[in-house]
Amino acid sequence: MTAPESDFFQRVYAVVRTIPTGRVTSYGAIARYLGSAGGARTVGYAMNAAHSLPDVPAHRVVNRLGILTGKHHFGGFTAMQQQLEAEGIRVEDDQIQDFARHFWDPVTEL
DNA sequence: ACCGTGACTGACG
DNA sequence: ACGTCAGCCACGG
């Protein structure tokens, strides 16, 4: 409504916050859910600002290949991987194993 | 108001 | 099969 500063970002946070534990999704899936299929990059940009939101599990958001592309932005080089492994997701070589099995599509699930 | 940047994705060679 | 190129949207300066 009124002056929804970066309303797009807020919607991204809302979706990421809805990701169930032990599940992961891709930027493109969120972007598509928001109506901006080509705005996948923008979703990642939003995650960059999500660092201020403790309720936004950014570690559950990876690229469409299941690679922890944003691990460098997470504050550490292994924090994101450990966080995922802590939820039961196996990560190897910065890539999520059985990604398709852990994949959570907001358009389909939401 | 314009330009540059970025945690992406899909297509081409 | 792998590597490279271009396109896309939104925010910040």
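All figures in this text were calculated on a predicted structure; none of them were measured in a lab. Here is how names work: the chains are called A, B, and so on, in the same order as the sequence lines, proteins then strands, and each is numbered from 1.
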**Study point:** Trace of the side chain to side chain contact (heavy atoms under 4.5 Å, CB included) decision for A:Met47 with A:Val56
**Key:** CA-CA 8 Å; A:Met47 302 310 301; A:Val56 180; 3.8 Å; yes

task = Please assess A:Val61 against A:Val24 for the test side chain to side chain contact (heavy atoms under 4.5 Å, CB included), listing each intermediate value before the final yes or no.
result = CA-CA 6 Å; A:Val61 185; A:Val24 289; over 6 Å; no

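Taking CD1 from A:Ile96 and CG from A:Leu84, the interatomic distance works out to 5.0 Å, rounded to the nearest 0.5 Å. Here the CG atom belonging to A:Asn63 is positioned 11.0 Å from the OG1 atom belonging to A:Thr25, to the nearest 0.5 angstrom. The distance from the CD atom of A:Gln81 to the CD atom of A:Gln95 is 11.5 Å, given to the nearest 0.5 Å. A:Thr42 OG1 to A:Asn48 CG: the interatomic distance, rounded to the nearest 0.5 Å, is 12.5 Å. Rounded to the nearest 0.5 angstrom, A:Asp105 CG and A:Arg32 CZ are separated by 6.0 Å.
Residues satisfying the side chain to side chain contact (heavy atoms under 4.5 Å, CB included) test with A:Arg11, not counting sequence neighbours, are A:Asp7, A:Leu34. A:Glu85 pairs by the salt bridge (Lys or Arg N to Asp or Glu O under 4.0 Å) definition with nothing, not counting sequence neighbours. A:Glu87 is linked by a side-chain hydrogen bond (donor to acceptor under 3.5 Å, both in side chains) to A:His59, A:Arg60, counting only residues two or more places apart in sequence or in another chain.
Atom P of nucleotide B:dA7 and atom NE2 of A:His73 are separated by 4 Å, given to the nearest angstrom. In this structure, the NE2 atom of A:His59 is 19 Å from the P atom of B:dA7, given to the nearest Å. Here the P atom of nucleotide B:dT9 and the CG atom of A:Leu34 are 14 Å apart, to the nearest Å. Counting to the nearest Å, the C1' atom of B:dG4 and the CG atom of A:Asn48 are 15 Å from each other. Taking atom CG of residue A:Asp7 and atom C1' of nucleotide C:dC9, one finds them 15 Å apart after rounding to whole Å. In this structure, the CZ atom of A:Phe9 is 12 Å from the P atom of B:dA7, given to the nearest Å. Distance A:Gln10 CD to C:dA10 P: 15 Å, rounded to the nearest Å. Look at OH on A:Tyr13: it is 14 Å from P on B:dA7, rounded to the nearest Å.
The ring-ring contact (aromatic ring centres under 6.0 Å, His included) analysis of residues 90-110 of chain A, with sequence neighbours excluded, yields the pairs A:Phe99-A:Phe103. For the ring-ring contact (aromatic ring centres under 6.0 Å, His included) condition, no pair includes a residue of residues 16-53 of chain A, sequence neighbours left out.
Among the atoms of the strands shown, only primed sugar atoms or phosphate atoms (P, OP1, OP2) are found under 4.0 Å from some heavy atom of A:Gly39. Using a 4.0 Å heavy-atom distance criterion, A:His51 is classed as a base contact.
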A correct dot-bracket answer for DNA chain B, with pairs being Watson-Crick or G-U at under 3.5 Å, [ ] for crossing pairs and | for inter-strand pairs, is .|||||.||||||

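Out of C:dC8, B:dT9, C:dA10, the shortest distance to the side chain of A:Arg41 is found at C:dC8.
Scanning all heavy atoms of the two residues, the minimum distance from A:Ala29 to A:Pro106 falls at O-CG, 3.7 Å. A:Ala46 and A:Tyr13 make their closest contact through O-OH, 3.0 Å (heavy atoms, listed as atom of the first residue, atom of the second, distance).
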Under 3.5 Å, which protein N or O atoms sit close to an N or O of nucleotides 2-5 of chain C? Give each pair with its distance.
none

Tabulate protein N/O versus nucleotide N/O from nucleotides 1-3 of chain B, keeping only pairs under 3.5 Å, one per line.
none

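When the side chains of ILVMFWY residues are joined at heavy-atom separations under 4.5 Å, either directly or via intervening members, A:Phe77 and A:Val91 end up in two distinct hydrophobic clusters.
With contacts defined as side-chain heavy-atom distances shorter than 4.5 Å, the pair A:Val16/A:Pro57 qualifies. Annotation: side chain of A:Ser26 is not in contact with side chain of A:Val62 (no heavy-atom distance under 4.5 Å).
In the region residues 14-33 of chain A, proximity to DNA chain B at under 4.0 angstrom, judged on heavy atoms, holds for A:Ser26, A:Tyr27, A:Gly28. A heavy-atom distance below 4.0 Å to DNA chain B is reached by these residues of residues 63-71 of chain A, ordered by number: A:Asn63, A:Arg64, A:Thr69, A:Gly70. Looking at residues 77-110 of chain A, you'll see that no heavy atom sits under 4.0 Å from any atom of DNA chain C.
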Can you give the donor-acceptor pairs under 3.5 Å from side chains of residues 64-76 of chain A to other protein atoms, not counting sequence neighbours?
{"residue": "A:Lys71", "atom": "NZ", "partner": "A:Asp94", "partner atom": "OD1", "Å": "3.2"}
{"residue": "A:Lys71", "atom": "NZ", "partner": "A:Asp94", "partner atom": "OD2", "Å": "2.5"}

